[in-house]
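Input: a single structure, listed below in structure tokens.
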Amino acid sequence: MKIKILICMGTSGISAGAEEVAKIFESELKLKKLMDKCRIIKVGDRGLFRDTLVDIITPELGRVTYEYIKSEDVPKIVDEHLLKGKPVEELRAGKDYEQFFSGQIRIVLSNCGEIDPEDIDDYITHGGYNALQSVLSMVPEKVIDEIEKSGLRGRGGAGFSTGLKWKFCKNAKSNMKYVVCNADEGDPGAFMDRSVLEGDPQSVIEGMIIAGYAIGATEGFIYCRAEYPLAIKRLEISISQAREKRFLGDNILGSEFSFDITIKRGAGAFVCGEETALLASIEGRRGMPRARPPFPAQEGLWGKPTLINNVETFANIRHIIIKGAEWFSSIGTDESKGTKVFALAGKVKNTGLVEVPMGTTIRELIFGPGGGMVKKKIGLKGVQIGGPSGGCLPETLLDIPIDYESISKTGAIMGSGGMVVMDEKTCMVDIARYFLSFTVEESCGKCIPCRVGLKRMLEVLEKITEGKGKEDHISFLKEMSTTIKHTALCGLGNTAPNPVLTTLKYFQDEYLTHIRDLNCPAHVCVELIEFEVIEEKCVKCGKCYEACPVDAISWKKKEYPKIDKEKCIKCKSCINACDFMAIK
Amino acid sequence: MKVNLSDTRKIIQQYRNKKGTLIPLLQEIQAIYGYVPKESIELISKELLIYPVKIYGILTFYTQFYLTPRGKHTIIVCQGTACHVMGGKDILDYLSNKLGISEGETTKEGMFSLERAACLGCCGMAPVVVIDNNFYGMCDIQKVDALVKEYRSKEANR
């Protein structure tokens with residue numbers, strides 16, 4: 001058996017210098033004549049951001065994981081570990097790494113960070129395309145039945161039964177049908193789909209082929225956002241490799257069934273994640289939604305029945321086929337089956353992709369894999385889930401289980417899986433303003449509630465953050481939110497008020513402090529900051545002094561810093577640097 | 001500056017008589033010129049019998065298309081939720097101040113264009129700045145300051 005060297009090379013890994021690390025490994029192995037004994041495998045990101053992660057698997061020592069590896073560490077690893085058989089202890093992944101992966105059940109992410117996403121043989125060795133082979137000997141109805149029984153629900157956010165959706169498409173009468181993979185992951189704070197596409201693209205392709213077989217489609221499209229160049233590149237490689245192996249194309253694996261996939265690159269429009277807008281964009285038009293019904297399952301791409309599922313949904317399919325509906329439905333809660341991948345980010349210690357069984361609580365997620373808050377002295381204030389369509393939940397609600405129904409009850413939505421942890425340094429009014437400015441920018445302008453209503457709400461939120469708020473603004477925001485929720489044309493507009501409604505529901509005091517006291521308790525809203533040191537809180541550490549880019553802060557050891565307001569450009573570098581919230 | 005249209009002609013030939021190809025066609029044009037020139041739009045309109053208004057409709061709807069030439073280096077500051085919470089807006093404001101341009105604009109000497117992105121999906125390394133497809137994570141004002149200097153001096157040494 002060859003020694004395996006796994007190097008994580010997704011977008012995060014590459015940005016941290018993984019390509020350089022891989023190069024040095026190659027040259028070191030050549031230099032030390034180890035090339036024949038070792039195999040370097042460039043895997044996708046494993047989900048935890050740790051600069052470059054390197055795993056070495058040898059028959060004697062098993063698997064050893066190294067974290068934060070820089071190119072200068074490589075010779076030492078080769079000398080000590082590969083030649084002398086002694087792992088380099090100080091570079092080994094620590095407790096945080098272990099904690100991050102404990103409590104996770106990895107189904108969708110099982111291959112991410114384990115296989116070479118640009119090598120179909122590696123995928124096949126790990127059980128890839130077994131599901132497709134067994135599906136081809138089943139009748140399509142049986143395949144759909146299995147998916148329906150598994151209880152899988154759409155992972156794009158709304159949570160519609162996948163099996164039912166497939167059934168509707170199967171039953172639609174037409175000479176032409178399409179399968180579309182929605183990879184337009186536009187929610188700020190979400191990166192599950194990117195990592196799956198970069199780390200295990202074949203699993204998505206296999207899911208799509210199975211869907212094509214089940215509903216009787218011959219053509220598929222992957223609509224991927226242009227912001228994900230690496231994902232697109234790996235999909236292109238994977239599709240051409242799948243064609244060579246005859247998993248795609250005419251008469252797949254010698255059967256009667258033919259299916260092929262085309263990649264469509266998005267051009268930067270959040271609304272294209274809405275299914276009817278996405279279809280318009282594939283057709284080459286402005287991506288504007290239309291009223292439903294008719295649903296895409298009846299009239300989709302070029303008027304033909306079209307099945308649209310998201311990346312994570314497709315990535316689940318092969319596991320359900322291989323291990324069975326019963327196995328899948330044994331994971332999760334009564335109504336929500338299987339696992340969900342969350343993109344954990346913000347003020348949490350371990351940021352990255354976490355896959356947990358449905359029913360896990362948010363607190364378990366943050367203090368388990370997440371490892372707790374990044375700064376112990378600054379407390380947890382809340383969690384934003386579901387992106388611009390979701391909401392902010394306060395600390396007191398973190399014990400609710402993660403499933404579609406429980407989360408909906410709070411006023412947020414499950415959404416695609418973005419989860420941003422916020423601490424006392426996050427201003428909830430500013431967060432509401434932030435999401436609204438996003439949806440205003442991304443509104444397509446077709447319907448009035450979304451185009452005008454959201455803009456009016458944003459104006460009011462801006463006033464509040466600038467210290468020009470009035471108390472009746474709050475009732476205005478509530479009324480406008482309800483109207484937009486009920487009258488907007490598509491999902492973008494219907495859900496856009498959610499961040500405002502949830503922050504009003506759980507953090508109304510913070511709005512009132514902005515309005516009545518002209519004070520931003522989190523020290524975020526720049527118009528309400530005085531840029532003065534609070535001496536009772538200051539520990540005289542000098543971090544603010546070091547952070548200031550314009551030398552507006554004077555400080556000497558054991559003295560309180562002073563801010564020169566003439567020089568200050570209000571960039572908030574000092575406030576961001578301070579661990580004690582000692583600048584107001 | 002006169003635009004060389006031979007590339008536009010070649011691309012139009014590839015996409016003739018295919019359905020749903022206007023967006024990829026324009027993406028290829030932009031990949032060559034760095035933006036979509038008016039002259040190319042006129043040629044596409046004539047050759048493929050599409051009204052210019054339809055082409056402009058697409059170009060102005062999708063944020064990734066540009067109608068004016070771009071700077072040598074494009075700086076994208078991510079404004080995703082995680083980046084926002086970690087200070088991404090402060091970085092964008094600072095760069096806008098420092099370079100003297102608003103987002104979407106290009107510096108006078110044509111060196112930098114400044115853009116925002118809704119989310120680049122690298123939330124684990126927030127706040128993120130991207131310069132010409134190179135991703136820089138865990139940024140703060142001092143780090144972006146150094147980056148701008150680095151790119152400037154690279155150009156000066158060329």
Side-chain angles (χ1 to χ4, degrees), chain A residues 11-12 14-16 48-49 185-191 193-195 226-229 264-270 281-288 302 343-347 351-353 384 387-388 418 420-422 425-426 430-431 434-435 438 441-442 444 547 549 569 571-573 576-577, chain B residues 15 18-28 30 50 54 57-65 76 78-91 93-94 97-98 115-130 133-138 140-142 144-145:
Chain A
T11 299
S12 327
I14 289 172
S15 85
L48 178 65
F49 181 68
E185 182 176 57
D187 276 13
F191 51 100
D193 295 353
R194 176 179 65 74
S195 296
E227 287 86 343
Y228 290 176
K264 286 278 179 177
R265 198 153 59 96
F270 173 70
S281 185
I282 292 182
E283 290 174 13
R285 295 183 283 124
R286 286 163 71 100
M288 288 162 100
W302 292 290
L344 195 57
K347 308 279 177 80
T351 54
L353 285 190
Q384 208 287 335
V420 181
V421 179
M422 298 167 174
K425 281 171 101 172
T426 312
D430 174 69
I431 287 295
Y434 160 77
F435 278 114
F438 176 81
E441 179 79 24
E442 296 295 340
C444 77
I569 55 166
C571 72
K572 291 197 294 187
S573 287
N576 293 332
Chain B
Y15 283 97
K18 285 185 189 163
K19 62 179 179 179
T21 50
L22 188 51
I23 294 172
L25 187 156
L26 293 169
Q27 282 171 331
E28 270 197 48
Q30 177 154 300
I50 303 171
K54 201 184 162 196
I58 298 228
L59 293 174
T60 52
F61 183 83
Y62 294 100
T63 53
Q64 295 217 319
F65 289 116
I76 304 172
C78 184
Q79 301 293 299
T81 320
C83 289
H84 181 80
V85 172
M86 306 297 274
K89 185 170 184 294
D90 300 336
I91 292 176
D93 289 347
Y94 179 76
N97 236 324
K98 184 178 170 80
E115 300 287 339
R116 74 149 75 204
C119 181
L120 295 159
C122 315
C123 315
M125 38 195 247
V128 176
V129 171
V130 180
N133 275 335
N134 297 316
F135 284 69
Y136 301 96
M138 321 260 170
D140 54 26
I141 282 171
Q142 286 168 337
V144 294
D145 239 355

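Lettering of chains follows the sequences in order, A, B, ..., and the numbering in each one begins at 1.
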#### Entry: Residue A:Ser195 versus chain B: region with a heavy atom under 4.5 Å
neither

### Summary
If you tally heavy-atom pairs under 4.5 Å between each of A:Gln384, A:Glu283, A:Arg265 and chain B, the highest tally belongs to A:Arg265

### Task
With rounding to the nearest 0.5 Å, note down the distance linking CZ in A:Arg285 to CZ in B:Phe61.
11.0 Å

### Query
Do you know which two heavy atoms are closest between B:Gln27 and A:Ala267, and how far apart they sit?
NE2-CB, 3.9 Å

### Message
Need one label for A:Ala190: side chain, backbone, both or neither, based on atoms under 4.5 Å from any heavy atom in chain B.
### Response
backbone

### Message
If I measure from the heavy atoms of chain B, does A:Ala547 come under 4.5 Å with its side chain, its backbone, both, or neither?
### Response
backbone

### Over 12 non-hydrogen atoms of neighbours within 6.0 angstrom of NZ in B:Lys89
no

### Task
Tell me yes or no: between the side chains of B:Asp140 and A:Asn576, is some donor less than 3.5 Å from an acceptor?
no

### Task
Please flag which part of B:Ala118 lies under 4.5 Å from any non-hydrogen atom of chain A: side chain, backbone, both or neither.
both

## Note on the structure
Assert top hit (heavy-atom pairs under 4.5 Å, partner chain B, pool A:Tyr434, A:Trp302, A:Phe191) equals A:Tyr434

### Query
Minimum heavy-atom separation for A:Lys572 to B:Asp90, with atom names?
CE-OD1, 3.1 Å

### Query
What are the two closest heavy atoms between A:Arg194 and B:Cys122, and how far apart are they?
NH2-CA, 3.9 Å

### Task
Could you tell me which portion of A:Thr426 (side chain, backbone, both or neither) has an atom closer than 4.5 angstrom to a non-hydrogen atom of chain B?
side chain

### Query
What are the two closest heavy atoms between A:Gly266 and B:Gln64, and how far apart are they?
O-OE1, 4.3 Å

### Task
For chain B, find which of A:Gly418, A:Ala226, A:Gly352 contributes the most heavy-atom pairs closer than 4.5 angstrom.
A:Ala226

### Task
Heavy-atom pairs under 4.5 Å with chain A are the metric here; pick the option from B:Gly80, B:Cys78, B:Cys123, B:Cys83 that has the most.
B:Cys123

### Message
Tell me which pairs pass side-chain hydrogen bond (donor to acceptor under 3.5 Å, both in side chains) where either residue lies in residues 116-126 of chain B, with sequence neighbours left out.
### Response
B:Glu103-B:Arg116

### Query
Where does A:Ile431 contact chain B at under 4.5 Å (heavy atoms): side chain, backbone, both or neither?
side chain

### Task
Pick one of side chain, backbone, both or neither for A:Phe270, based on which atoms fall under 4.5 Å of a heavy atom in chain B.
neither

### Task
Flag the pair A:Ile14 / B:Phe135 as yes when at least one side-chain heavy-atom distance between them is below 4.5 Å, and no otherwise.
no

### Query
Hey, are the side chains of B:Gln79 and A:Pro188 touching, using non-hydrogen atoms and a 4.5 Å cut-off?
no

## Note on the structure
Greatest number of non-hydrogen atom pairs under 4.5 angstrom with chain A, of B:Lys54, B:Met86, B:Met138, falls to B:Met86

## Note on the structure
Answer key: most heavy-atom pairs under 4.5 Å with chain B among A:Gly287, A:Ala16, A:Gly186 is A:Gly287

### Message
Heavy-atom pairs under 4.5 Å with chain A - which of B:Asp93, B:Ile76, B:Val85, B:Leu22 has more of them than the others?
### Response
B:Val85

## Note on the structure
Sequence neighbours excluded, the answer for salt bridge (Lys or Arg N to Asp or Glu O under 4.0 Å) partners of A:Arg286 is none

### B:Pro24 to A:Lys264 - nearest heavy-atom pair and separation
CG-NZ, 4.3 Å

#### Entry: Any A:Asp430 side-chain heavy atom under 4.5 Å of B:His84 side chain
yes

## Note on the structure
So CD of A:Glu441 and OG1 of B:Thr63: to nearest 0.5 Å the spacing works out to 8.0 Å

### Task
Indicate yes or no: at least one non-hydrogen side-chain atom of B:Thr81 is less than 4.5 angstrom from one of A:Phe435.
yes

### Pairwise side-chain contact, A:Ile569 with B:Asn97, heavy-atom cut-off 4.5 Å (strictly under)
no

### Message
Using heavy-atom distances under 4.5 Å, tell me whether A:Asp187 contacts chain B through its side chain, its backbone, both, or neither.
### Response
backbone

### Query
Would you say the side-chain atoms of A:Ser573 and B:Tyr94 include a donor-acceptor pair closer than 3.5 Å?
no

### Heavy-atom pair of closest approach, residues B:Tyr62 and A:Ala269
CD2-CB, 3.7 Å

